[in-house]
Number of protein chains: 2
Amino acid sequence: MEIYKNEKRQRYLEEYSIGYLFTFPIEEFLEVHEYKRDEWIIQEGTRSDFLFYVIEGKAKIYVTHQNGKVSLINFINKDDFFGEMELLNPIYYTKGVQASTKTVCFAIPFHRCRAKMLEDATFLRELAKFLSVKSTQMAAKYTQSLSFPLENRLADFILQTADGEVYKEKHVTVCDSLGVSYRHLLYVFAQFCDKGYLQKEGRHYRILQPNELNGLARVLMNE
Amino acid sequence: MEIYKNEKRQRYLEEYSIGYLFTFPIEEFLEVHEYKRDEWIIQEGTRSDFLFYVIEGKAKIYVTHQNGKVSLINFINKDDFFGEMELLNPIYYTKGVQASTKTVCFAIPFHRCRAKMLEDATFLRELAKFLSVKSTQMAAKYTQSLSFPLENRLADFILQTADGEVYKEKHVTVCDSLGVSYRHLLYVFAQFCDKGYLQKEGRHYRILQPNELNGLARVLMNE
DNA sequence: TCCAAAATATGAGATATCTCATATTATTGT
DNA sequence: ACAATAATATGAGATATCTCATATTTTGGA
């Protein structure tokens, strides 16, 4: 982890201004943190002392279950907050957050800003909006996972994460994210290839029939 | 649906004061609504014009999928908000909310209070706290549903909803809530009875070995 | 550069869960 | 009080998904 100082910090503060999210002047309190790919930004089960706001890169929130299984709860992208649970709730089992690419965040220290943030209607409104969307998304993922087989959820995942017509996600990550075994994931990928929806190219897949995948994905949604 | 007026309304305002959730005087705007068991408080897919706060009773949030399957997203209890998505997000596919017992709510009309509420730090802080808990709970349910078989999730559900040592939930509701088929739910209940954890009494079940159920439920949790 | 670890791949057998068909028993509205 | 509807119950067969074993390939670090 690297903390940007002086000119570099200043440059980021100017380029990615988040002043509009606050009524009070936030700039002086902001630290700018850079994390390398695969680095843990927050360790599961520990106490975090910052509210984070992502300005570059992306990250993943993980939880480890008692049976050793790991779940990828959610992806965090540019302009997302994380660490807000610790801000609002005195007692909280902290989830692990890992950078999936090089990631740059604003880190807002609790000890200097908690009181100010919790009094700031502008900030709280934005945070509530963010949380309401997040909670809706989680609810959607929850009910979808209960109501549809992997075929549908994977089709959606492929379309969401594909880079143009090429899909490049790591299978192991997808297992944690969709909550299926590696074995079963590969079965369904094999099916998609058999049916001609996808074509394997080295360790990537080319999307040949986006409409077919779309049909499978569409049944998930009504919102 | 019945709207309490005059003395009855006044009595509820005094008995269940929520003034502490707001900086501005909210009482004058509050309507007190009573819904009968099984009545729909919000119709799925329609626009709601109130923020609700439950003061008596409980309710269920439902969503209908394109394949006709219905999911029970969550239970709503005393002191919970609902309708907050519509307050914060201009565009939102509204979920259905159904009273599961006689339910009394404060209903805060958007047209009179939206602006005030969105400027009120005290209210927004409470709302953000509520949403953060809700979002954490949904995340937990999501990952649990992916990581554990029905056996564990049902044990938890039984313990959570049992009335003393008697469990009385309707199977059909539980199917929608845990996202399993009626057939499979009964298989697992039969297993629990075989193993002596439960004993069937008419249409209820008596919990004979709470510790065994607890063991099954405990592996879900680390938070 | 090389080794250990991680990721990919595939088979075989088990099990968790679903669908459908069919009865019986409550509950509810008129 | 009766008919319609909802809830409960159970069997049989299908399928979605898991576990485990084993092999190959890729990748990151000493």
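Numbers restart at 1 for each chain; the letters A, B, ... are given by sequence-line order, proteins then strands. Below, all heavy atoms of this structure are taken into account, side chains as well, without hydrogens, waters or symmetry copies.
In this structure, CD of B:Gln191 is placed 9 Å from P of C:dT17, rounded to the nearest angstrom. Here D:dG29 presents its P atom at 12 Å from CD of A:Glu39, a figure rounded to the nearest Å. Whole-Å rounding puts the B:Phe189 CZ to C:dA16 P distance at 17 Å. With rounding to whole Å, B:Asn67 atom CG is found 13 Å from C:dT19 atom C1'. In this entry the distance linking OH of A:Tyr182 with P of C:dA12 reads 19 Å, nearest Å. Taking atom CG on B:Asp38 and atom P on C:dT27, their separation rounds to 13 Å, with Å as the unit. At whole-Å resolution of the value, OH in A:Tyr187 and C1' in C:dA12 are 8 Å apart. Between the NE2 atom of B:His184 and the P atom of D:dT17 there is a distance of 13 Å, given to the nearest Å.
There is a side-chain donor-acceptor pair under 3.5 Å between A:Glu86 and A:Thr94. No side-chain donor from either of A:Glu2 and A:Tyr35 sits under 3.5 Å from a side-chain acceptor of the other.
Taking the screw axis at each terminus of the helix from C:dT1-D:dA30 to C:dT30-D:dA1 from five consecutive base pairs, the angle between the two is 60° to within rounding of 10 degrees.
Contact check of residues 151-172 of chain B against DNA chain D (heavy atom, cut-off under 4.0 Å) returns B:Lys170, B:His171, B:Val172.
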Quiz item: Hey, mind stepping through A:Val32 and A:Ile3 against side chain to side chain contact (heavy atoms under 4.5 Å, CB included) and telling me if it holds?
Solution: CA-CA 6 Å; A:Val32 185; A:Ile3 301 184; over 6 Å; no
Quiz item: When you look at A:Tyr187 and A:Tyr182, which way does the ring pair (Phe, Tyr, Trp, His ring centres under 6.0 Å) test go after all the steps?
Solution: CA-CA 9 Å; A:Tyr187 273 134; A:Tyr182 191 88; over 10 Å; no
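Checking B:Val188 against B:Arg37, the closest nucleotide of DNA chain C that is more toward the 5' end is the one next to B:Val188. Along DNA chain D, the nucleotide nearest to B:Leu186 and the one nearest to B:Leu146 differ in position, and the one closer to the 5' end is contacted by B:Leu186. Projected onto DNA chain D by closest heavy-atom contact, A:Pro149 and A:Arg203 fall at different nucleotides, the more 5' of which corresponds to A:Pro149.
Within a 6.0 Å radius of CZ in B:Arg206, other residues, nucleotides and ligands contribute more than 12 heavy atoms. Other residues, nucleotides and ligands place more than 12 heavy atoms under 6.0 Å from the NZ atom of B:Lys195.
In this structure, OG on B:Ser147 lies 5.0 Å from NZ on A:Lys69, to the nearest 0.5 angstrom. Atom-to-atom distance recorded for B:Leu178:CG and B:Gln144:CD is 10.5 Å, nearest 0.5 angstrom.
Nearest nucleotide to the side chain of A:Lys200, out of D:dT8, C:dC18, C:dA9: C:dA9. Of the candidate nucleotides D:dG11, D:dC18, D:dA9, D:dG11 has the atom lying nearest to any side-chain atom of B:Arg183.
Taking the ring centre of A:Phe157 as origin, the terminal cationic atom of A:Arg153 falls outside the region bounded by 6.0 Å and 45° from the ring axis.
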